[in-house]
Engineer: 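This structure is in structure tokens; I'll ask about it shortly.
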Amino acid sequence: MSDSFNGHGQQATSCVMVIFGASGDLTKRKLIPALCNLAKDRLLSQQFAMIGFSYDSITTEAFRAQLSKDIKEFAGEPVDAKLWDWLLERIYYVQGDFQDAAAYERLKQQIAAAEKAHSTQGNRFYYLAVSPKFFAPVAKQLSQAGLTQEQDGKWARIIVEKPFGRDLDSAQRLNRELKQILNEPQIYRIDHYLGKETVQNLMVFRFANSIAEPLWNRNFIDSVQITAAETVGVEHRGGYYETAGALRDMVPNHLFQLLSLTAMEPPISFDADAVRDKQAEILHAVQPLTSEEVLTRAVRGQYGEGIAGGEKGPDYRRETGISPASNTETYAALKLHVDTWRWAGVPFYLRTGKRLARRTTEIAIQFRRSPIILFQKTRIADLQTNRLVIHIQPDEGISLRFGAKVPGPIMRLGLVNMEFDYARDFGHSHSTGYERLLYDCMIGDATLFQRADMVEAGWKVIQPVLDLWKALPVQQFPNYAAGSWGPAEADELLARDGRAWRIIEEEHTLPEPSAVPVALGRATAGAH
Ligand code: BG6
């Protein structure tokens, strides 16, 4: 049984890590700094080696020199010179085409040499930081070269990056292709959201605190809002994004991870399958929208020009690599229902978009109003409710809003927050978010990786939206200004239910004492 949520602090198993696409951004920005952090925390095995594999024609020496430059820029804090030398001397490079069998023979030889030099005991994992079209071909080549076999207690695993398919069909096909070559426990489908501390803390918050669970259901919760807002636009990823769009890019993976961790039943253990069974259950319980419901419960948007995150930018259609008539959405909002006993009737509102007013990812749990006997002369709209916000990024923490009497002779209600702030309470972390995921793969704990059925369940939910949006191109794009909170239709989606999106800035503003005047009604609890 895995003890990953109890914190084991043991060194990872000896192994060779191979990064496919090693000359790309992910390696220098995330993976190498993450390996440094693991080494610093003594979580990386002494018997470890890393091999970069990519098309670029460079030598191991040149690769090491480049990484030495990059680490200064991306480590977040200066890396100890001795530690860096230690890591560097176990890094190698193999040049090759992902489809060329001869390159895999060279890789095989390099793996054997590294295994000998660093006594890595025959364990390997392959990180596929490559374009999705290469996921299956690379796995196939590895298998044909005899590099995925597990025997005599030696393991071989593959980490597959996103996007995992572009719809239900392609995700199913990719799962089938991979499973022809590998066993499911060898496949680690990564979702970098699960590397974020606050996301992992969701389970701890819910299941390690006895005050949370009794309130965590339809009797106390009115609705849930999940927001993943970015201020950046498509940046240099126009080619990919234009064929993906906000819904595909963020919802079936990242937002559904947040949704399933928020809504899941308590697992019977923190064993990988026990946790993932409960998450999968939720994804299966999310009701796919009918075509008519897509029209009323799904909103899409595309950004216009404007200033977001302090940067002035063009509208989406004038970004590099984007068609001037593009119909790709850069914003998506959905109203979903999770049909379980716990959540019946509680809407889950999801929104994500680029070039929005603020960079923030959060889950807001909106509790029901208290009975209004005491405050019956107060307008219902003025009676603010309790709200728990789980701040995923950039300021990681949890805050709980509640009403308090503003000091003074008149009865006035102020809103105050109780806050837990990760940086303040636990200190700043230079974690890239990949440490835990790499470590878990090395120790064989797949809890934070997606299983085939989870990926497919996610696609099943959004497939009807993809289909309808494809069939009905939008006429009025762009429909929101950069720096705003998205299209007006997204506000209407909630307004129709008598609700509104949480105003994100509000949590950081102290309430004005006179903001919410409350008129006391009869003060006897028994009065009706
Ligand atoms: C990626 C998406 O998976 O997640 C990007 O492809 C998006 O479009 C990114 O910007 C967001 O990640 P994070 O960690 O910055 O919230």
Side-chain angles (χ1 to χ4, degrees), residues 21 24-26 29-31 33-34 74 76 127-133 135 159-167 171 189-202 226-259 261 300-303 308-309 311 313 316 319-322 326 328-332 350-363 390-397 422 429-438 448-450 455 458-459 462 482 486 504:
D25 265 13
L26 190 72
R29 285 176 189 271
K30 304 288 185 187
L31 302 181
F74 298 112
Y127 197 118
L128 273 47
V130 299
S131 158
K133 65 175 187 244
F135 291 162
I159 298 187
V160 185
E161 260 294 333
K162 62 157 289 217
F164 199 93
R166 50 172 285 107
D167 52 19
R189 298 173 191 79
I190 205 164
D191 183 324
H192 78 278
Y193 261 53
L194 289 175
K196 296 182 194 286
E197 285 294 346
T198 341
V199 176
Q200 293 168 27
N201 189 42
L202 252 168
I226 302 180
T227 300
E230 298 183 274
T231 51
V232 293
V234 282
E235 301 176 288
H236 52 277
R237 299 162 71 223
Y240 152 74
Y241 199 85
E242 182 67 341
T243 58
L247 185 65
R248 276 195 181 87
D249 188 43
M250 295 292 289
V251 178
N253 39 56
H254 307 327
L255 294 201
F256 279 4
Q257 289 294 342
L258 302 184
L259 170 74
L261 289 170
R300 54 187 152 164
Q302 190 188 73
Y303 62 81
E311 300 223 347
Y316 176 73
E319 297 269 22
T320 317
I322 306 300
S326 172
T328 300
E329 82 284 353
T330 60
Y331 177 99
L350 275 52
R351 62 175 163 168
T352 183
K354 295 213 180 270
R355 300 287 286 154
L356 294 178
R358 236 184 101 162
R359 174 174 183 249
T360 189
T361 302
E362 62 163 50
I363 302 164
I390 297 160
H391 304 273
I392 311 285
Q393 62 187 17
D395 306 316
E396 302 177 306
Y422 253 90
S429 149
H430 292 289
S431 158
T432 63
Y434 281 76
E435 289 78 0
R436 170 72 191 266
L437 298 171
L438 293 179
L448 297 178
F449 294 85
Q450 298 210 74
V455 173
W459 281 117
I462 71 152
I504 303 275

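Remember, it's a predicted structure, so these values are computed and weren't measured experimentally. Numbering of ligands and ligand atoms starts at 1, following listing order.
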Engineer: Would you mind checking if K162 and D249 are paired as a salt bridge, meaning a charged N to carboxylate O distance below 4.0 Å?
Structural biologist: yes

Engineer: Looking only at protein heavy atoms, which one is nearest to atom 14 (O) of ligand 1, and how far off is it?
Structural biologist: K196 NZ, 2.6 Å

Engineer: Classify the side-chain pair E242/Y316 by whether it contains a donor and acceptor separated by less than 3.5 Å.
Structural biologist: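 Yes, side-chain donor-acceptor contact under 3.5 Å.
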
Engineer: Just distances here: any N/O of K354 and N/O of ligand 1 closer than 3.5 Å?
Structural biologist: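 So ligand 1 has an N or O lying under 3.5 Å from an N or O of K354.
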
Engineer: Under a 4.0 angstrom heavy-atom cut-off, which atoms of ligand 1 come close to E230?
Structural biologist: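 The atoms of ligand 1 under 4.0 Å from a heavy atom of E230 are 7 (C), 10 (O), 11 (C).
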
Engineer: Going by the order shown, which atoms of ligand 1 are within less than 4.0 Å of some heavy atom of R359?
Structural biologist: 15 (O)

Engineer: How close does the nearest protein non-hydrogen atom get to atom 12 (O) of ligand 1, and which residue and atom is it?
Structural biologist: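 The closest one turns out to be H192 NE2, 3.1 Å.
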
Engineer: May I ask you to identify the nearest protein heavy atom to atom 16 (O) of ligand 1, giving residue, atom name and distance to one decimal place in Å?
Structural biologist: Q393 NE2, 2.6 Å

Engineer: Classify the ring geometry between H192 and H254 as parallel (under 30°), tilted (30 to 60°) or perpendicular (over 60°).
Structural biologist: perpendicular

Engineer: So which heavy atom in the protein is nearest atom 8 (O) of ligand 1, and how far is it from that ligand atom?
Structural biologist: D249 OD2, 2.5 Å

Engineer: In terms of atom number and element, which parts of ligand 1 are under 4.0 angstrom from non-hydrogen atoms of K162?
Structural biologist: 1 (C), 2 (C), 3 (O), 6 (O)

Engineer: Give the atoms of ligand 1, by number and element, whose distance to some non-hydrogen atom of H254 is under 4.0 Å.
Structural biologist: 1 (C), 3 (O), 4 (O)

Engineer: Does the pair R355 and E311 meet the rule for a side chain to side chain contact (heavy atoms under 4.5 Å, CB included), with working shown?
Structural biologist: CA-CA 9 Å; R355 300 287 286 154; E311 300 223 347; 4.3 Å; yes

Engineer: Could I get the full list of side chain to side chain contact (heavy atoms under 4.5 Å, CB included) partners for T320, not counting sequence neighbours?
Structural biologist: none

Engineer: Mind checking side chain to side chain contact (heavy atoms under 4.5 Å, CB included) for E230 and listing every partner two or more places apart, or none if nothing turns up?
Structural biologist: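 Once residues adjacent in sequence are excluded, the partners of E230 under the side chain to side chain contact (heavy atoms under 4.5 Å, CB included) criterion are V232, K354.
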
Engineer: For the 3.5 Å polar cut-off, considering only N or O atoms, please tell me whether Y240 and ligand 1 meet it.
Structural biologist: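 Not met; the criterion fails.
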
Engineer: Does Y241, backbone or side chain, put an N or O under 3.5 Å from an N or O of ligand 1?
Structural biologist: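 By distance alone, the answer is no.
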
Engineer: Parallel, tilted or perpendicular: which fits the ring planes of F164 and F135, with parallel below 30° and perpendicular above 60°?
Structural biologist: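 Parallel.
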
Engineer: Take E197 and S429 through the side chain to side chain contact (heavy atoms under 4.5 Å, CB included) test and state the conclusion after the steps.
Structural biologist: CA-CA 10 Å; E197 285 294 346; S429 149; 5.8 Å; no

Engineer: Check R248 against ligand 1 and report side chain, backbone, both or neither, counting heavy atoms closer than 4.0 Å.
Structural biologist: neither

